[in-house]
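I have placed the structure first, in the form of structure tokens, so that the comments after it can refer back to it.
Naming: A, B, ... by sequence-line order, numbering from 1 per chain.
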Amino acid sequence: MARTIVAVTRSPLGERAEIKSAHYQQQEIAPLAKIIIRGQGGDETGAVREVLGAEPPQTPNTVVRVGQSGQLLWLGPEEWLLWQASEQREKTLNALQSGFAGIHAAAVDVSDYYTIIRVSGSAVNAVLAHGCPLDLRERAFPVGQCAQSHYRQAAILLYRTGTDSYDAQIRWSFAEYVWDYFATVAKTIAGD
Amino acid sequence: MSKRLPQGGLIDRNETLSFTFNGRALTGYAGDTIASALLANDINLVARSFKYHRPRGIYSAGPEEPHAIFTIGDGATHTPNVRGTITPLKNGMAVRTQSGYPSVELDIGAAVSLMARLLPPGFYYKTFMQPAKAWMTYEKFIRRAASAAPPPPQADADPYLHRHTHCDVLVVGGGVSGISAALAAARAGADVLLADMQAQFGGTLHDGAAEPISGMAAGDWLAAALAELNELPNVTLLSSTTVQGYHDYNFLIAVEEHPAANRHQPRQTLWKIRARQVIIAAGALERPLIFAGNDCPGVMLAAAVGSYIRRYAVLPGRNILFFTNNDSTYPIAFDAADAGAQVEIADLRKDNHGYWQQQANKRKIPVHYGSGVISCVQTGRHLSAHLAYIQNEQITPHSAHAYDIVATSGGWTPTVHLFSQARGRLKWDDRLAAFVPDQAAAINPCIAVGSANGIMDLPTCLKNAAKAGQEAAAACGCNKKSDKPLPQADSSPLTLNPLYIPYVPTLLPIERGISKHFVDLANDVTAADILLAAREGYQSVEHMKRYTAAGFGSEQGKSGNINALTLLAHALGKKPAEVGHTTYRPQYTPMSFGAVTGMDRRDLFAQKRRTPMDPWHRANGAVYEDVGDWKRPRYFSINYESMDAAVWRECKAARETVALMDASTLGKIDIQGKDAAAFLDMVYTNMFSNLAVGKCRYGLMLRETGMIFDDGVTARLGDNHFHMTTSTGHAASVLNWLEEWLQTEWPHLEVFCTSVTEQWAVMALVGPQARQLLSEVSDLELAAEAFPFMSFREGQVCGAPARVFRISFSGELAYEINVPAAYGLSVWETLMARGEQYGITPYGTETMHVLRAEKGYIIVGQDTDGTMIPADAGLSWMVSKKKKDFLGRRSLARPDMLRAGRPRLVGLLPADEQTVIEEGAQLVNRAGDKPPTHSLGFVTSSYMSPTLGRSFALAVVNDGDQRHGDTVYAAMLDERRIAAMITDTVFYDPDGGRLRG
């Protein structure tokens with residue numbers, strides 16, 4: 001009987017319509033697999049290379065490409081975050097966990113913990129600078145890097161995809177707050 | 001009669017602005033301030049003074065203005081305390097005075113002047129001290145008398161933005177020095193931010209004639225410099241932006257005023273600036289001379305007259321006496337003469353610099369050397385000023401005339417506010433009779449240039465500022481060479497040469513007679529008040545300030561403070577350097593609450609954390625409770641039923657059929673590593689290393705003090721893998737606590753802790769029918785022996801992959817179903833639909849509280865308060881006797897932890913079964929005990945129990961575990977005393993048969 005029940009998934013911002021104006025765009029991207037990788041720069045480096053074909057970056061706030069569309073982001077001296085297409089989640093997680101057997105490392109699934117809001121447009125830096133204290137000048141925050149900070153009361157992870165575009169990872173529970181804050185600030189900047 | 005000059009000024013005569021002043025329709029031009037537009041309309045009476053209710057006029061053209069303070073707008077745009085001298089006039093603006101009753105023209109409070117002798121400094125301290133209860137009445141009277149404006153009647157309709165920014169060099173002030181510094185720094189390649197509080201850059205270049213710069217007319221040079229700065233991509237120009245505060249590590253706050261064409265555009269932007277280097281080019285403030293009657297409407301700062309003529313094309317009077325002690329007034333007097341005014345100069349100095357004397361002679365402007373104004377009184381629309389030769393104490397009156405304006409200058413005070421806020425040291429400069437910047441604090445790399453640094457001549461200002469700009473850029477690693485010459489000017493005849501005297505004497509000694517020498521115009525502090533304060537023993541400058549209120553006005557004594565402290569020095573026979581200065585604090589000018597608040601208002605006021613099932617809650621009558629940042633359903637109201645009714649219904653369902661609660665907010669931490677079990681043995685009081693894989697255990701955490709910190713259930717997922725839960729409010733602090741120990745004390749332990757709080761949506765399926773319902777939607781084997789209490793299984797629930805923990809916070813048969821958050825809503829909806837046949841009832845935190853209290857389960861932070869050890873909460877059984885160590889263990893052996901009579905958690909049964917005692921109620925021994933009395937303890941949780949059919953409570957009572965059966969009395973807020981019997985904490989199913997079943 002139980003097998004006949006079909007569960008459906010949703011994202012925290014599924015009900016929010018994409019924002020598209022001349023100077024600013026905001027959308028929740030399709031869910032990604034998100035896996036936290038922990039290790040102390042030891043044996044896990046090889047194990048990660050084995051599974052992902054890339055080593056965890058050692059330079060703070062840098063990101064390496066994984067496969068066609070994945071990214072491995074530096075979060076801390078012992079912590080990385082893997083973004084991958086959602087269908088790869090189980091396979092990668094299992095492979096990492098078996099690769100980490102017997103070594104001091106961990107792979108933890110946080111795919112549903114967070115969602116990603118993609119923001120772009122000529123106003124995007126002003127929208128972010130309203131609530132985020134990071135130095136967003138490109139020489140301090142180059143395209144292709146990531147940084148953790150906050151946006152007003154919410155923790156935020158920014159991955160810069162272009163001069164005027166970012167992927168912002170936020171917690172599920174804060175998603176509406178951050179979405180609405182971004183949107184309200186963008187509207188005010190545009191003066192409409 | 002209009003006082004607008006036929007030509008000139010920075011105003012746009014093609015754009016006429018309409019506005020009202022106290023209801024009277026007037027016009028001005030784009031580019032006017034409120035004050036310049038009023039002066040142009042021949043209006044100068046703008047306020048009644050703080051204490052004596054004397055009529056006051058527009059005094060300055062800047063942030064130091066003590067009088068021209070207005071309320072503008074109505075309703076949602078009502079803004080009180082607007083400084084008219086720096087606020088641009090806008091079309092349709094409604095400007096109102098905010099002092100004087102019934103009006104500024106006729107103020108009945110002026111009768112106070114007749115009693116001036118009875119209002120010495122400290123009057124309010126001395127008079128309104130007793131009785132303390134009457135203060136609220138006094139306060140209303142004082143507020144009215146002090147002309148404090150009423151607050152806005154409605155919420156502000158305008159939005160306000162914030163903006164974080166980072167730069168290499170922040171230049172504060174866009175006058176000649178600031179522009180020179182900005183040019184030099186920008187050409188060297190630094191990211192430069194240049195801010196000026198005025199709408200136009202250029203500073204004093206707009207206020208008077210200036211010498212040529214770099215071979216160009218000053219105006220042309222300014223235009224060229226601004227054009228270059230505008231073109232440079234590494235320069236941000238912020239006009240109408242006041243740098244308000246200088247905080248440590250070069251963090252500065254600035255407020256930018258926007259023209260705000262409509263209500264949707266921001267009124268202001270609050271800039272939060274991180275600068276590697278700061279150049280303070282904030283200029284200088286003119287200091288007035290202190291003479292008898294120096295507060296009459298028509299007495300103004302001399303440079304303000306220059307500003308009104310040059311910037312706004314307004315000649316404030318036809319007949320102007322300039323009363324000065326320095327050179328800076330001469331070119332302004334010449335401007336006034338050129339604009340058509342009759343001008344005279346009274347100069348305290350006996351003989352003047354040759355250059356200015358020649359210039360005055362050439363223009364046939366009479367100059368009274370060695371002379372000062374010994375009295376100034378208002379007669380009709382004119383000022384009657386008496387002039388006398390003043391030499392030492394000798395006063396020889398020589399003439400009296402009527403003037404429209406008496407313009408005064410006592411020299412210039414460098415604007416050292418930001419430098420001092422940055423903890424820079426100031427030093428006294430005898431030449432300027434002012435404090436000037438000395439040594440910057442190492443943590444705030446900054447330098448003051450130009451007149452803000454006490455440099456009063458153009459060539460040196462330009463040269464030093466350019467050098468500072470280059471050096472600041474170099475300090476940021478920017479050394480680009482530029483072939484463009486730095487700005488320079490030929491030597492200047494303007495050298496200031498002030499002759500300082502503390503005040504201008506009158507024929508009578510200063511503390512006699514009816515004339516007053518005002519030192520602080522905003523707060524009506526006179527020279528006599530300062531002298532009295534010194535005599536009464538207020539010899540520290542900080543004490544004098546607080547006693548007399550000098551410098552306490554909303555302009556913070558920008559023009560008057562320097563006179564107050566030099567006067568104090570004079571009274572004490574000391575040098576000003578010995579007396580020192582009061583503390584400069586942010587903000588430089590008053591800031592709106594709107595700018596501070598930004599967008600943190602209405603729905604965005606605070607973060608609201610939502611669970612994955614929240615859309616269902618919202619659609620189904622959830623009444624929310626704030627738990628930390630979370631919005632949790634407190635109960636679900638059907639057909640507007642009350643909370644009591646809803647909780648009754650929800651409790652019944654949980655105990656009798658089946659109920660469902662969203663428990664997603666619980667903190668969850670994934671703990672992995674070969675030392676994970678050993679680590680948990682250290683952080684919990686009880687043993688975890690002997691927990692079997694697939695099992696759960698309730699754990700208790702203590703601080704090093706031995707006090708209860710958190711509790712929760714932890715499951716063993718694998719040999720080296722645990723899933724810890726924490727209480728909702730402690731999710732972050734528990735993770736920090738674990739990391740702190742791992743990183744600082746036990747780095748040898750191979751353990752990783754990762755927060756997974758929101759990865760999982762959690763539902764507590766509770767009640768006798770829970771197993772039946774779950775069996776219909778899950779592939780798990782649920783029989784009690786296959787899936788016993790305190791174990792967990794993985795499987796499918798409602799089509800989603802799930803971890804199901806058989807744990808219970810309700811005392812019933814219960815399953816905590818964890819599914820990845822994306823499935824949460826779907827699983828919840830399926831459970832609700834499939835459970836309908838069993839009467840499934842969603843419940844909230846209030847019912848959860850009742851159910852757990854019936855079982856005597858504590859909530860850390862509600863039933864414990866950071867002073868309770870496990871034994872106090874009845875949890876001695878949780879403390880392992882086998883383990884050699886765990887956090888807090890040693891503290892549990894301290895004598896006070898072992899003494900008899902400690903507060904202990906107990907149950908309470910009120911004698912009246914229908915009375916629910918208030919949570920927090922104090923407990924006393926006898927019904928008749930009234931405060932002050934000895935408290936036995938207090939009630940921590942109290943509810944009506946549908947299951948027990950009566951009220952019950954948990955409480956902390958001294959020696960409570962030894963007092964079961966005693967009756968105590970709970971003191972209610974309405975003075976009732978409720979009798980209640982002390983009992984055990986477990987009221988329901990003490991054997992636990994139901995939750996194990």
Output the option from [options] having the highest count of non-hydrogen pairs under 4.5 Å with chain A.
options	result
B:Glu829, B:Lys631, B:Arg618	B:Arg618
B:Pro820, B:Gly824, B:Ala800	B:Pro820
B:Asp600, B:Thr165, B:Thr269, B:Leu270	B:Asp600

For the side chain of [X] and the backbone of [Y], is there at least one donor-acceptor N/O pair under 3.5 Å apart?
X	Y	value
B:His166	A:Asp135	yes
B:Arg610	A:Ala175	no
B:Glu758	A:Ser173	yes
A:Asp112	B:Ala822	yes

How far apart are the C-alpha atoms of A:Asp180 and B:Lys608, what are their side-chain angles, what is the distance that settles it, and do they pass the salt bridge (Lys or Arg N to Asp or Glu O under 4.0 Å) test? CA-CA 11 Å; A:Asp180 292 347; B:Lys608 300 183 188 94; over 6 Å; no
Contact class of [X] relative to chain A, heavy atoms under 4.5 angstrom:
X	result
B:Val797	neither
B:Thr757	both
B:Ala761	neither
B:Lys674	neither
B:Asn720	neither
B:Trp630	side chain
B:Ser755	both
B:Gln672	side chain

Which heavy atom in [X] sits nearest to a heavy atom in [Y], and how many Å separate them?
X	Y	answer
B:Cys798	A:Ala7	O-CB, 3.3 Å
A:Ala105	B:Phe752	CA-CE1, 3.8 Å
A:Arg10	B:Pro612	NH1-O, 2.7 Å

Using non-hydrogen atoms only, which part of [X] is less than 4.5 Å away from chain B: side chain, backbone, both, or neither?
X	result
A:Ala107	backbone
A:Pro133	both
A:Ala140	neither
A:Leu128	neither
A:Ala106	both

Rounded to the nearest 0.5 Å, how far does [atom2] of [Y] lie from [atom1] of [X]?
X	Y	atom1	atom2	result
B:Leu604	A:Thr184	CG	OG1	4.5 Å
B:His162	A:Thr188	NE2	OG1	11.5 Å
B:Thr611	A:Trp172	OG1	CH2	9.0 Å
B:His164	A:Ser149	NE2	OG	8.0 Å
A:Lys187	B:Met599	NZ	CE	10.5 Å
B:Thr754	A:Tyr113	OG1	OH	10.0 Å

When only pairs under 4.5 Å are counted, which of [options] shares the most heavy-atom pairs with chain B?
options	result
A:Pro31, A:Gly131, A:Ser11, A:Pro12	A:Gly131
A:Thr115, A:Leu136, A:Leu134	A:Leu134
A:His104, A:Gln153, A:Arg152	A:His104
A:Arg139, A:Glu176, A:Arg137	A:Arg137
A:Ala154, A:Gly102, A:Gly39, A:Gly14	A:Gly39

Residue pair [X] / [Y], side-chain heavy-atom distance below 4.5 Å:
X	Y	result
B:Leu161	A:Val185	yes
A:His130	B:Arg163	no
B:Gln796	A:Ile5	no

Quick one: list whatever passes side-chain hydrogen bond (donor to acceptor under 3.5 Å, both in side chains) with A:Gln88, sequence neighbours left out.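 Result, side-chain hydrogen bond (donor to acceptor under 3.5 Å, both in side chains) vs A:Gln88: none returned.
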Would B:Asp629 and A:Tyr177 count as having a side-chain donor-acceptor pair, cut-off 3.5 Å? no
So if I take each residue of residues 40-65 of chain A and look for any heavy atom under 4.5 Å from a heavy atom in chain B, which residues do I end up with?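 From residues 40-65 of chain A, the residues near chain B are A:Gln40.
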